[in-house]
Amino acid sequence: MTLRLRLTVLAASLCTLAHAAPALAQQEPGISEKTIRIGMFAPLSGSSMAYGFDPMNGAKMWYAKINKEGGIHGRQIELVIEDDRCNANDLVAAAKKLTEQDKVFLLNGGSCSAATVAAREYVEREKIPLVMLNASGDGALYPVSKYIYGAFSISQYAVGGSMVQFGAEALKAKKIGYINHDDAYGAWNLAAAKVQAKHLGDLPLNVQSVNSNINDVTAPMLRIRASNPDVLLLTTYARPAALIIKKAHELGFDKPIVLAVTGTADLRQLVENVGNKEAFKNVYIQDVLADVPGSPKLQWVYDMYKEAYPDLAARPGYPQPYMPYGLPSAMTVVNALKAAGPQPTREKVLEAMSTMKFDSGVMAGPIEFTPTDHAAQKAAIYLKFDGDKSTLVPGTFKSVWKYEP
Amino acid sequence: MSGADIWLFLQQGILSGLVTGSVYALLAVAVVIIFKTTDVPNFAQGELFMVGAYVALFLVLVMGWAYWLVIPVTIAVVMVAAALFQRVVMERVIASRGVGVQLVIATLGLAYVLKGLVRTTGLGDTPRSLPPLASTSAIMIGDAVLTRLDLLIFAVAIIVMALLFAMFAWTRTGRAMRAVGMNARGAQRVGVNLSRVRMMVWGLSGLISAIAAVLITPKILITPDIAHVAILAFAAAIVGGMSSVPGAVLGGFIIGIAENLVGLFISTNAIVVAPFLAIMIVLIVRPQGILGGRLQVKKV
């Protein structure tokens with residue numbers, strides 16, 4: 001072969017390769033020359049809307065900021081949004097629609113653990129990355145799934161462990177009362193609570209599990225009172241939490257009550273539902289933010305919200321307490337897409353996420369993933385809540401629970 | 001568990017159970033009167049109750065009305081809605097020779113429509129409370145603690161049930177309803193307008209649901225899912241006897257108390273199982289329910 005022919009063949013090969021790279025990228029669903037399509041879902045209506053509507057707004061405003069700054073490697077983020085109504089069937093249907101019909105590149109959604117866990121099988125079969133919005137979704141995170149990342153607003157396992165740690169360390173409890181749900185979500189946080197209690201020298205834990213639809217909380221509250229604990233830890237959703245705080249007050253239970261982050265979707269409404277500010281004389285609430293909501297440290301988040309949603313921000317009760325939880329989820333997606341380079345593939349994004357660690361500036365602890373643990377957040381802060389104002393209790397409280405296959 | 005604890009649990013469990021049981025009893029009566037006159041289990045009973053709660057919430061929260069106005073308007077709205085459903089939907093299903101299954105499906109359709117309607121309002125986005133009709137300050141009865149609101153719920157439920165018994169026993173309308181329940185064709189032959197009576201029964205069921213909603217929702221909070229309370233009303237009706245109004249009342253109290261005693265003496269996990277356990281026991285021992293009269297066998 002002459003030199004000239006060799007050079008021609010080489011040039012032709014290079015040309016082919018140069019064209020092949022974008023062609024490969026184009027084969028990846030949801031990626032075009034100018035856009036990256038992301039599928040989002042959360043409860044945007046119904047009684048669980050408070051868990052997803054504003055966290056999604058938080059994530060959306062982060063994506064909008066990135067787009068304003070030029071996008072990711074020149075591509076704008078395009079969002080396709082579905083309402084999953086906190087319901088497993090609706091959520092799986094939304095994931096399918098976004099993946100198969102809208103051909104999104106990855107999924108960023110889920111605010112309710114049980115519903116989000118239901119998508120695990122589908123996501124793994126389709127090999128599509130799922131970055132949960134603010135669901136803890138421990139059932140999808142343990143055992144680790146290559147395609148699923150989440151727990152930005154704290155893993156449920158970590159919730160139980162952190163609560164027990166706070167009760168023992170900050171409130172000096174020697175005996176603990178614990179009310180959880182009788183479902184998978186309740187079982188996860190209880191598992192870690194037991195580990196933490198053992199870690200603290202076998203602290204006695206009086207556990208009462210209730211159905212989330214319970215109407216009369218007399219029995220669990222009376223059993224708790226009879227066991228005479230130094231503190232009552234509540235890991236229930238908003239409705240049972242309000243009923244229990246109300247009943248505790250009626251029964252004259254005056255020990256500290258610590259409410260997990262899952263029951264704090266709307267604190268103003270919680271106080272209204274309990275109907276008596278006196279009931280909040282000794283109440284603490286768990287939070288997973290870096291500081292008290294609205295503090296100078298977090299002001300930038302609330303300013304950003306006001307700018308993005310001026311009409312919504314003007315309404316009473318907005319932004320809702322869970323709004324900032326959507327940000328670290330969107331930050332993770334953006335960071336992974338950036339790290340995946342100008343020709344992103346789902347595999348590259350997953351690889352980037354598997355060793356990601358960054359400080360979101362929003363959450364109590366760093367967002368940290370390892371190849372063997374895809375739950376981002378393990379630490380929590382606690383606030384003394386008097387029914388009106390929240391005061392930070394110094395320190396962060398971390399669960400010692402570790403997944404054992 | 002000490003003797004003092006057992007005594008306290010018994011007192012508190014029974015008294016609190018009577019309060020929630022009185023509301024289950026009211027709703028069970030609503031289920032039974034429809035079942036007796038139309039042979040249809042109304043699977044939208046819980047949703048009528050839920051709608052009553054949201055109508056009252058809307059009037060209090062959005063309209064800012066006082067309770068003396070909210071209560072009659074809520075009752076009227078739910079009553080008219082239920083009666084219209086019977087008149088417009090159920091009667092047409094009957095006219096087109098619809099039988100039990102189609103009628104039951106129609107009630108399921110109503111349940112979905114009502115739930116969907118509430119969700120579109122945005123009021124159901126978070127659990128909410130109606131202002132209680134009485135103070136929630138605690139009072140001691142023996143060693144047990146109840147609130148003034150609890151006593152009011154119990155008293156009103158008893159009064160409403162007593163009025164219903166009086167109506168069935170002594171008024172022309174009540175007798176017509178009973179006649180239709182016993183033998184619809186026979187009642188028609190002596191001049192009872194079946195369609196009108198069925199409409200009135202549905203209206204009455206709406207009225208009871210609205211009263212139950214205004215009474216109990218300040219205590220259990222309102223969400224679009226509170227219709228599940230009707231499952232306990234069905235349990236109460238089955239335990240007491242699906243064809244017996246006094247049985248429904250008794251069943252309501254039994255379910256309310258059973259929930260608490262099972263929760264207190266066995267496990268709080270078992271609270272949800274208690275009503276179904278009661279149903280199973282009754283079905284084995286007395287299939288027609290405690291006050292269900294003689295067991296009737298239909299020959300095919």
Side-chain angles (χ1 to χ4, degrees), chain A residues 43-53 83 85 179-183 186 207-227 237-243 246-247 249-253 263 265-266 268-276 278-279 317 320, chain B residues 1-2 4-5 8-9 12-13 15-17 19-21 23-24 115 118-120 122-132 136-138 144-147 149-150 216 218-226 228-229 231-232 256 259-273:
Chain A
L44 305 177
S45 64
S47 58
S48 300
M49 183 178 155
Y51 294 108
F53 174 71
D83 179 4
R85 291 194 282 178
I179 302 184
N180 67 343
H181 286 311
D182 60 357
D183 55 8
V207 181
Q208 303 300 325
S209 300
V210 297
N211 189 271
S212 56
N213 280 333
I214 193 165
N215 298 315
D216 189 347
V217 293
T218 303
M221 204 44 236
L222 211 56
R223 285 175 71 125
I224 287 288
R225 195 183 69 168
S227 72
Y237 283 131
R239 180 179 167 272
L243 297 181
K246 191 195 277 202
K247 182 60 80 177
H249 184 62
E250 280 173 20
L251 293 176
F253 181 83
D266 189 337
R268 187 187 49 83
Q269 191 64 52
L270 172 72
V271 177
E272 232 169 79
N273 288 343
V274 170
N276 191 341
E278 284 286 299
Q320 293 174 321
Chain B
M1 198 184 292
S2 67
D5 279 345
L8 170 68
F9 282 12
Q12 187 73 59
L15 287 177
S16 295
V19 175
T20 42
V23 176
Y24 301 158
K115 214 171 202 178
V118 165
R119 284 199 162 126
T120 58
L123 280 172
D125 297 342
T126 181
R128 290 174 195 272
S129 177
L130 275 172
T136 52
S137 58
V145 178
L146 287 184
T147 64
L149 175 66
D150 289 334
I216 197 76
K219 208 172 145 58
I220 67 167
L221 305 184
I222 311 171
T223 72
D225 300 318
I226 53 163
H228 65 79
V229 171
I231 295 171
L232 299 166
E259 276 191 323
N260 271 339
L261 295 187
V262 166
L264 283 165
F265 290 105
I266 300 174
S267 161
T268 49
N269 290 81
I271 291 175
V272 280
V273 186

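Residue numbering restarts at 1 for every chain, and letters A, B, ... go by the order of the sequence lines.
Although no hydrogens or angles enter the test, the distance criterion places a donor-acceptor pair under 3.5 Å between the side chain of A:N273 and the main chain of B:P127.
Both the backbone and the side chain of B:F9 come within contact range of chain A, each with at least one heavy atom under 4.5 Å from a heavy atom of that chain. Neither the backbone nor the side chain of B:P131 comes within contact range of chain A, judged by heavy atoms closer than 4.5 Å. Interface residue B:S16: backbone and side-chain heavy atoms are both found under 4.5 Å from chain A. Contacts of B:N260 with chain A are made by both backbone and side-chain atoms, with heavy-atom separations under 4.5 Å. Within the 4.5 angstrom heavy-atom criterion, no atom of A:S227 approaches chain B. Only the backbone of B:I266 has a heavy atom closer than 4.5 Å to any heavy atom of chain A.
Contact check for B:H228 versus A:N215: side-chain heavy atoms found under the 4.5 Å cut-off. The shortest side-chain heavy-atom distance between A:Q269 and B:R128 falls under the 4.5 Å cut-off. For the pair B:I220 and A:R239, the minimum side-chain heavy-atom distance is below 4.5 Å. Under the 4.5 Å side-chain criterion, counting only non-hydrogen atoms from C-beta, B:Q12 is in contact with A:L251.
For the options A:V207, A:L270, A:D216, A:V217, heavy-atom pairs under 4.5 Å to chain B are most numerous at A:D216. Most heavy-atom pairs under 4.5 Å with chain B, from the set A:D182, A:I179, A:L222: that is A:L222. Across B:L123, B:V145, B:L221, B:I216, the residue that shares the most heavy-atom pairs under 4.5 angstrom with chain A is B:L221.
If you take OG1 on B:T147 and NZ on A:K247, they are separated by 7.0 Å, rounding to the nearest 0.5 Å. Distance NZ/A:K246 to OG1/B:T136: 7.0 Å, rounded to 0.5 Å. One finds the NZ atom of B:K219 at 9.0 Å from the CG atom of A:L243 (value rounded to the nearest 0.5 Å). For the atom pair OG1 of B:T126 and OH of A:Y51, the computed distance is 7.5 Å after rounding to the nearest 0.5 Å.
The closest side-chain donor-acceptor pair between B:T268 and A:Q208 falls under 3.5 angstrom. Side-chain polar atoms of A:N213 and B:D225 form no donor-acceptor pair below 3.5 angstrom.
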